[in-house]
Amino acid sequence: MENQENGKSTMTYEEAVAALREYIRSTGKKQVEVAAELGQSGALVSSFLAGTYKTPHTVIPKIAELVRLNEKKKVSPKEPDFADTSVSRTVFNAISYAHLRGTVAVVYGDAGIGKTCAVREYVRQNSLALVVTASPTYASITGINELLAEQLGVRERVARRITREIIGKLKGSGRVVIVDEAQHLTARTLDHLRCISDESGVGIAFIGNEEVYKRLYGSGRAEFAQLFSRIGMRKQVLANRLTQEDITSVFGSYGLEKGAIELLTAISRTNYGLRGAVNVFINAAAVFGAVDKGGIVRVMKDMDIG
């Protein structure tokens, strides 16, 4: 479909439209999301597809590049699928406890060891699970209310009424609220969510790093006692506790030799975590086509992983 002349794309307008429509169809992305990937507005992409954009030649190279990148992604090594590990079991158990008991649970510890993957899998398996991801932008009560309101279809726009409608929609729903990256939340926001749990009767599971536990504990201060006392389950997960059985579970379907598994286990137990081991695996597969101990060692050197 696409030719190259002097390093430049010669994709025609008709080919670009067809390619863009197929990209939107195959990826299932919304038009506004694809526009953002192209660095364009949604209105521009609409007019381009409708044939009314006056300078389509300025957009065609960007579409060609987007299509090229998408084709590369299709053939590039994929991350391992979700695997049952000690970390995923800990996350599942904590969320399940919060879900069944209608209480607060917290899983905290090292980054990059599979907590978020476990959250996604729990949500995939449980239609009544609701997950929001905290961030510096959504650390406040207003911010977390916005995330919950979007998930629950809340129509209110006044702050206090938003909270009341959130509680109303959760009460008796049998749901569980999971807050990933919960270390970003302020102490007031954590207590706000505790109140939502108390009033609605649904469980809330906080998933994050060590900082979320420190905020919940509040250095033992009296004003945090009520919040901390509401925690029904507290679990810490650490990279150095990952086992070789965990890593075999993650990479077992690839038929790796024992030496390769041992190296990936060693990487996962460092600050790089399981995410680092996955990155090494993917890079080794991309460079060498297959993953063995020697390839992992070479990739580790290239990535400056000791």
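Only a predicted model underlies this, so the values are computations on that prediction, with no experimental measurement involved.
Cluster membership check: Ile204 does not share its hydrophobic cluster with Val123, using side-chain heavy-atom separations under 4.5 Å among Ile, Leu, Val, Met, Phe, Trp and Tyr. One hydrophobic cluster holds both Phe82 and Phe251 under the rule that ILVMFWY side chains link at heavy-atom gaps under 4.5 Å. Note on Tyr13 and Tyr23: same hydrophobic cluster, where clusters join Ile, Leu, Val, Met, Phe, Trp and Tyr whose side-chain heavy atoms are under 4.5 Å apart, directly or indirectly. Clustering ILVMFWY residues whenever any of their side-chain heavy atoms sit less than 4.5 angstrom apart, transitively, puts Val176 in the very cluster that holds Val107. Transitive grouping of hydrophobic side chains (ILVMFWY, heavy atoms separated by less than 4.5 Å) keeps Val131 and Met233 in distinct clusters.
Looking at every heavy atom in both residues, Ala105 comes nearest to Ala98 through CB-CB, 3.9 Å. The nearest pair of heavy atoms linking Leu242 to Arg269 is O-NE, 2.8 Å. Taking every heavy atom of both residues into account, Ile162 and Ala149 meet most closely at CG2-CB, 4.3 Å. A pairwise comparison of heavy atoms in Ser173 and Val202 identifies OG-CG1, 3.9 Å as the closest pair. Across all their heavy atoms, Ile247 and Ser268 have their closest contact at CD1-OG, 3.4 Å. Taking every heavy atom of both residues into account, Thr85 and Ser88 meet most closely at N-OG, 2.8 Å.
Thr133 meets the side-chain hydrogen bond (donor to acceptor under 3.5 Å, both in side chains) test with no other residue; sequence neighbours excluded. The side-chain hydrogen bond (donor to acceptor under 3.5 Å, both in side chains) search around Ser135 returns none, not counting sequence neighbours. Residues forming a side-chain hydrogen bond (donor to acceptor under 3.5 Å, both in side chains) with Arg164 (at least two apart in sequence, or on another chain): Glu199.
Not a single donor-acceptor pair under 3.5 Å links the side chain of Ser47 to the backbone N or O of Thr52. Between the Arg175 side chain and the Leu128 main chain, a donor and an acceptor come within less than 3.5 Å of each other. Within the 3.5 Å criterion, the main-chain N or O of Asn209 finds a donor-acceptor partner in the side chain of Gln183. Checking side-chain atoms of Ser249 against main-chain N and O of Glu245 turns up no donor-acceptor pair under 3.5 Å. Although no hydrogens or angles enter the test, the distance criterion places no donor-acceptor pair under 3.5 Å between the side chain of Ser197 and the main chain of Leu193.
For residues 102-126, the pairs satisfying side chain to side chain donor-acceptor pair (under 3.5 Å) are His99-Tyr122, Thr116-Asp180, Glu121-Arg124, Glu121-Gln125, with sequence neighbours left out. Pairs passing the salt bridge (Lys or Arg N to Asp or Glu O under 4.0 Å) check and including a residue from residues 86-102, sequence neighbours excluded, read Asp84-Arg89. Legend: side chain to side chain donor-acceptor pair (under 3.5 Å) pairs involving residues 138-148, not counting sequence neighbours, sorted by first then second residue: Asn145-Thr163, Asn145-His192.
With a 4.5 Å cut-off on side-chain heavy atoms, Ile113 and Leu238 do not count as touching. Between Phe48 and Ile60 the shortest side-chain heavy-atom distance falls below 4.5 Å. Considering only heavy atoms from C-beta on, Asp292 comes within 4.5 Å of Glu257 through its side chain. With a 4.5 Å cut-off on side-chain heavy atoms, Ile166 and Leu170 count as touching. Inter-residue side-chain proximity for Asn93 and Lys235 is flagged as unmet; no heavy-atom pair is nearer than 4.5 Å. The shortest side-chain heavy-atom distance between Leu185 and Val179 falls under the 4.5 Å cut-off. Within the 4.5 Å cutoff, the side chain of Arg298 has heavy atoms near those of the Phe288 side chain. Pro80 is listed as a side-chain neighbour of Val278, based on a closest heavy-atom distance under 4.5 Å.
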Q. Are Arg68 and Glu71 close enough, and set up right, to give a salt bridge (charged side-chain N to carboxylate O under 4.0 Å, His left out), and what steps lead you there?
A. CA-CA 5 Å; Arg68 277 197 298 271; Glu71 291 302 315; over 6 Å; no
Q: Check the pair Leu20 / Val45 against side-chain contact (heavy atoms from CB on, under 4.5 Å), numbers first and verdict last.
A: CA-CA 9 Å; Leu20 189 55; Val45 171; 4.0 Å; yes
Q.
Between Arg234 and Ile231, is the side-chain contact (heavy atoms from CB on, under 4.5 Å) condition met? List the steps.
A. CA-CA 7 Å; Arg234 301 181 286 272; Ile231 302 174; 3.2 Å; yes
Q: Take Asp191 and Arg188 through the test salt bridge (charged side-chain N to carboxylate O under 4.0 Å, His left out) and record every step on the way to the result.
A: CA-CA 5 Å; Asp191 196 40; Arg188 288 186 68 246; over 6 Å; no
Q | Trace of the side-chain contact (heavy atoms from CB on, under 4.5 Å) decision for Thr243 with Asp246 | A | CA-CA 5 Å; Thr243 67; Asp246 288 332; 3.2 Å; yes
Q: Kindly indicate, with the supporting measurements, whether the criterion side-chain contact (heavy atoms from CB on, under 4.5 Å) is fulfilled by Thr58 and Thr55.
A: CA-CA 6 Å; Thr58 62; Thr55 55; 3.7 Å; yes
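Counted by atom type alone, Gln236 and Glu210 present one or more donor-acceptor pairs between their side chains at under 3.5 Å. Of the N and O atoms on the side chains of Thr189 and Thr186, at least one donor lies less than 3.5 Å from an acceptor on the other residue. Using modelled atom types, one finds no donor on one side chain facing an acceptor on the other under 3.5 Å when comparing Glu33 with Gln31.
Atom CZ in Arg241 sits 9.5 Å away from atom OG1 in Thr90 (nearest 0.5 Å). Put simply, OG on Ser253 and CG on Leu256 are 8.5 Å apart, with the number rounded to the nearest 0.5 Å.
Proximity of the aromatic rings of Phe281 and Tyr254 is defined here by a centroid distance below 6.0 angstrom, and this criterion is met.
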